**Q** 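Got a structure for you, questions after.
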Amino acid sequence: MTRLVLFSTRYPRSVLAGVVALTGLAICGLVDPWTGAPRLRIDPSFEKLLPEDDAGRLEYEALQARFDTGESFIVAVEPPGGVFSLEALGVIAQLEARLREIPEVASVRSIASVPLAGGPEDELLASSLLDEARRGEGPLDRARRAITGDPLYRGVLVSPDGGLAALHVSLEPIGEIELLEADLGRRMEAVARDAAPGWPVWIAGAPFLKAEMNRILNSELASQVPLVLAIMMLVSFAVFRTATGAWLPVATIALALVWTLGAMGWAGRPINIVTSIVPPLILVVGFAYTIHVVAEAQTLARRGRAGAHATGLAAIAFPIALTAVTTAAGFLSLGISAHAAIREFGAFGAAGVMASLLAALTFTPAVLAISPMRLPPAIEAREGRIDRGFEWLGAFSLRHRVPILAVAAALFLGSLAAATRIQVDTRIVENFKGESLVRQSYERLNDRLDGADVLFVGLEGPTPGSLLSPENLREVAALQRWLEARPEVGGTTSIVDYLEASGRAMGGPSPLSAASNRALVAQLLWLADGEAVDPILDRSRQATVVLVRSRATSSREVGDLVAGIEAHLGRGGTRLEGTVTGGSALLTRAIDDVSRDQARSLVVAFALIGVILAFAFRSLRFAALTVLLNALPVAVYFGALGVTGIPLNNATALLGCVVLGIAIDDTLHFVSRHRECARRMTDPRAAAAAALAQVGRPVTWTTAALCLGLLVLTTSDLVSQAQFGALGSATLFFAWGVDVLVTPALCSYLAWRPASGSVVSSVSSVPSVSSSSSGPDGTRASVVPVGWGALAFGPDHPRRDRNVIEQSLRGRSQ
Amino acid sequence: MPRRVLSGLLWLVCGIALLGHATRVLAGGAADVAEARDFTSDRPFEACLEEGDALAAGSASLDIASRGRDGGTSKSRARLTWSSADAGSGPEVRVRLEMLAPAEIAGSALLLVERSGEPAEVWAWLPEIQKVRRVGGRHLNQPLFGTNLRYVDLERMRRLVDAAGPDAWSEADFEGRPVWKLLTRDGRDTVVTWLDRERCVPLRTEVSDERGRLSRWVEVSQQPVQATRAEPGAFVPSFLVVHDVPGETETRIDVTSLDLSSPPVRASFDPARLGRPASRESSPGS
């Protein structure tokens with residue numbers, strides 16, 4: 001790494017040419033240069049998060065192959081005077097026709113056109129509700145009573161009070177990408193608003209949910225990333241007060257972002273709901289790396305060591321590389337996950353970290369070699385104030401180290417205890433803000449209809465023709481009654497409902513009655529509406545599916561419902577074997593699994609980081625200390641989730657990794673610097689104070705930038721993104737507090753083995769407070785331990801360092 | 001011509017016997033067009049029309065196998081009886097479908113009556129309920145009898161043939177046989193039918209969506225079924241298969257026997273007698 005920096009500073013133009021070439025290659029991974037078509041896509045589907053051989057996923061796919069359980073849209077309208085009028089039905093019929101004109105639409109069912117079961121005297125299926133409305137008030141009223149009394153329509157196509165009509169829109173076979181790009185939900189909304197002006201319009205259905213998620217992710221990726229970059233640029237300018245200091249860190253992380261996303265494009269992997277966190281992660285991690293490089297450059301400029309620029313920057317390559325490797329290792333630990341999405345997150349997260357490192361150690365030094373940093377005159381006074389603040393903070397931490405450590409330990413243990421109360425729960429619909437059409441639609445349809453979500457209970461008899469048996473049909477009906485008694489279930493539909501409707505219309509006995517037999521059931525099926533029966537009953541009459549309309553919206557509610565149904569099906573004494581599945585069941589389980597997996601992977605990440613640190617520093621104690629200090633903010637974060645009741649979901653679980661990635665970086669800088677100081681000062685307390693004085697400012701600036709950057713996410717239209725931003729910034733602030741209060745207090749107890757005359761590379765530096773011990777021009781340490789309580793300062797050692805160390809020592813002797 | 005097309009296509013949905021009739025009407029349409037376009041054909045269209053008349057009434061036994069999207073199949077046997085006559089205002093076609101197997105549905109029957117200029121009328125009889133019920137036109141929008149056959153598909157064909165101008169017809173080859181190709185559009189769909197010029201039989205019909213994706217197609221055997229009394233030159237394919245691509249279903253109808261010798265008695269087509277087996281007039285040759 002050192003050689004890399006040296007090379008970049010000695011051959012900056014060659015390096016910049018290489019950076020341009022690499023960036024061009026990455027852009028080609030993002031967009032096809034010949035066609036302009038995007039290569040990197042966003043895939044907001046949740047089902048694919050599950051492993052391909054997952055039993056639940058296979059079950060669902062088998063059900064989809066066997067029955068037509070494809071996804072559909074629901075377009076709902078609320079006529080001011082209710083559905084049951086000639087005028088309202090005419091508009092609904094017109095809307096149905098216009099929806100059918102949309103090329104991607106295969107069929108539309110609405111209350112206006114579905115056949116009415118039973119007609120005058122000898123008619124089996126006579127007409128539609130609209131036809132009856134045209135015949136007059138009397139026929140319309142009779143049809144209304146028939147419709148609202150029919151379980152196939154009530155709560156499905158029309159609300160029980162007749163105030164809302166739902167049109168079910170099935171799609172032609174269409175690929176997921178085409179579906180997202182078609183923006184069908186919004187087009188249907190526009191059609192509905194045009195066909196029914198002034199009526200409230202609602203759009204629901206899994207495809208709409210995905211499309212909206214995709215739209216928001218796309219739009220926010222385009223708006224928030226530049227905003228975050230702008231904020232970081234402002235912070236950089238506030239830190240360095242030079243134009244180069246403002247744009248260079250931002251340009252560096254932007255490059256790392258393009259490289260990483262380009263790699264995803266070349267790998268043919270879309271951004272999914274897990275890997276969508278990689279871009280902000282790169283911004284967060286990469287910013288810290290490049291800030292350290294630029295800060296070192298400014299320090300060198302301050303000391304007028306322009307000639308020592310190359311070696312000065314090279315000195316910080318090792319610690320930055322070490323932090324990057326440990327962070328990348330943390331991500332790579334996710335490779336053990338069974339979920340492809342998590343593995344991808346780990347791989348691209350690690351790739352992003354390494355890309356950030358590469359950019360920070362090549363692009364940044366090369367630019368600095370061409371355009372050296374300047375030092376504004378006003379910076380000295382401001383930095384002096386900040387450094388005095390850290391001096392005071394260091395002294396405070398050392399003076400109260402016992403209570404501070406006691407509080408930290410109590411907080412750690414308390415957090416662990418609180419973390420056991422975390423509930424894994426994902427609310428897909430509530431992830432959209434309250435004013436969004438998706439959320440309002442779901443809430444409205446859940447309120448007015450049987451439920452906007454559908455689960456499938458697959459039932460299979462022992463032999464072909466099993467479902468012609470009235471006994472087995474009675475079992476299906478009993479299951480429906482049990483399901484409908486559950487509060488979260490709005491209604492159910494099964495082959496029994498169709499058979500009963502046909503039986504009534506034909507004027508014969510109920511297929512469930514004692515008078516029923518296999519012949520009656522078979523004959524009713526022979527005459528039945530094939531389009532309605534085929535999706536729920538197989539041709540061999542051995543398997544069927546019961547549609548369960550549910551109002552459950554959270555993964556916990558859906559999971560409880562699924563578990564309850566499975567328990568009911570598994571109680572024995574039935575001839576039909578049953579399974580429960582469905583897009584929402586699979587989706588919520590996938591997200592919950594991913595969330596749990598991410599949380600579990602943190603443990604592996606900690607272990608892996610510990611091993612790397614122990615190996616790199618050949619010190620178990622160093623590794624243990626670093627890991628312990630990073631465990632505190634992570635534990636507090638998860639403890640806060642347990643206390644506040646914020647559930648562990650895909651966003652909040654991901655934050656654990658991000659916190660770890662950032663916290664490990666800052667802690668590593670501090671502990672490494674402390675070890676370096678302690679080896680020369682002998683007194684660990686003085687070393688702790690000195691270390692804080694040296695790393696406090698860059699750590700604070702990077703934390704401030706990251707917190708502000710994350711706060712941008714709080715403007716997101718997705719609640720999980722907003723939570724991610726708010727919780728992330730709060731946790732990073734807490735991690736900063738740990739670094740400036742707890743870490744010095746803990747380190748003050750640690751006496752490191754003195755270095756045997758070797759020059760230890762600096763970990764990091766800040767403007768004006770530098771690792772003068774690692775003189776880039778080969779000078780030896782300017783702070784040399786000569787005995788307990790006594791230090792020798794070199795002639796070029798900054799006065800502030802002396803003050804800090806002397807003050808610390810005075811505090812200790814008192 | 002339009003009503004004759006309707007009759008032919010109606011037969012198509014119910015079974016193989018329609019093919020002769022369909023040929024007749026399609027060929028009739030083609031004849032009109034051929035005259036307008038000056039088609040060169042080695043066989044006059046009028047010959048097709050005459051041969052089609054030989055299939056105006058009769059009965060056939062059908063084996064129906066339907067495969068669902070799950071791969072499961074259902075099999076049934078049925079008898080199709082038909083009769084067509086001029087009702088003054090136009091042709092009247094009556095088709096009766098009576099199920100023979102499996103045992104659970106044996107005896108179930110359906111009667112379809114089409115008169116020129118009127119909506120089709122359908123009656124159903126279920127032995128277990130012992131009642132005749134009229135089935136509304138809307139029910140005919142749906143796949144029928146556990147198959148993927150839809151009556152509306154035939155209505156659509158009729159409409160398309162009626163609307164097709166001379167430009168819609170062209171001469172072509174289909175698997176080595178000379179055919180008339182009928183290319184029509186219906187909303188977003190494109191419908192192509194290949195009509196065998198020599199045998200006067202539709203060989204294949206394809207329905208594609210606006211993106212050119214095949215959504216539904218009917219393939220017809222080029223092997224003739226043996227009639228109990230063969231009419232000179234009359235060709236009735238031995239089977240047809242209807243494929244529904246999006247629904248992933250397939251229905252195959254095999255004609256196991258064809259009897260053109262003894263026309264069914266008119267009373268067999270009375271809705272009130274739907275519960276009784278169809279009877280035929282005594283065969284002249286018997």
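Owing to the predicted nature of the structure, the values given are computational and were not obtained by experimental measurement. Quick note on labels: first sequence line is chain A, next is B, and so on, each numbered from 1.
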**Q** By a 4.5 Å heavy-atom criterion (distance strictly below it), what part of A/E101 contacts chain B: side chain, backbone, both, or neither?
**A** backbone
**Q** Take atom CD in A/E471; do more than 12 heavy atoms of anything else shown fall under 6.0 Å from it?
**A** yes
**Q** Take B/I129 and A/L524 through the test side-chain contact (heavy atoms from CB on, under 4.5 Å) and record every step on the way to the result.
**A** CA-CA 9 Å; B/I129 294 179; A/L524 289 174; 4.0 Å; yes
**Q** Tell me the closest heavy-atom pair linking A/Q523 and B/E128, and the distance in Å.
**A** OE1-N, 2.9 Å
**Q** In this structure, are over 12 heavy atoms from other groups packed under 6.0 Å from B/R213 atom CZ?
**A** yes
**Q** Measure the spacing between CG of B/D244 and CG of A/D534 and express it to the nearest 0.5 Å.
**A** 9.5 Å
**Q** Can you tell which part of B/S108 gets under 4.5 Å to a heavy atom of chain A, answering side chain, backbone, both or neither?
**A** both
**Q** Can you tell me how far apart CG (A/L525) and CD (B/E104) are? Round to the nearest 0.5 Å.
**A** 10.5 Å
**Q** In terms of heavy-atom pairs under 4.5 Å, which option from A/S516, A/G465, A/A522, A/P103 contacts chain B the most?
**A** A/P103
**Q** Relative to chain A, which segment of B/P127 carries a heavy atom at a distance below 4.5 Å: side chain, backbone, both, or neither?
**A** both
**Q** Do you know the tightest heavy-atom contact between B/K131 and A/G507?
**A** NZ-O, 2.9 Å
**Q** How long is the gap from CZ on A/R539 to OG1 on B/T251, to the nearest 0.5 Å?
**A** 6.0 Å
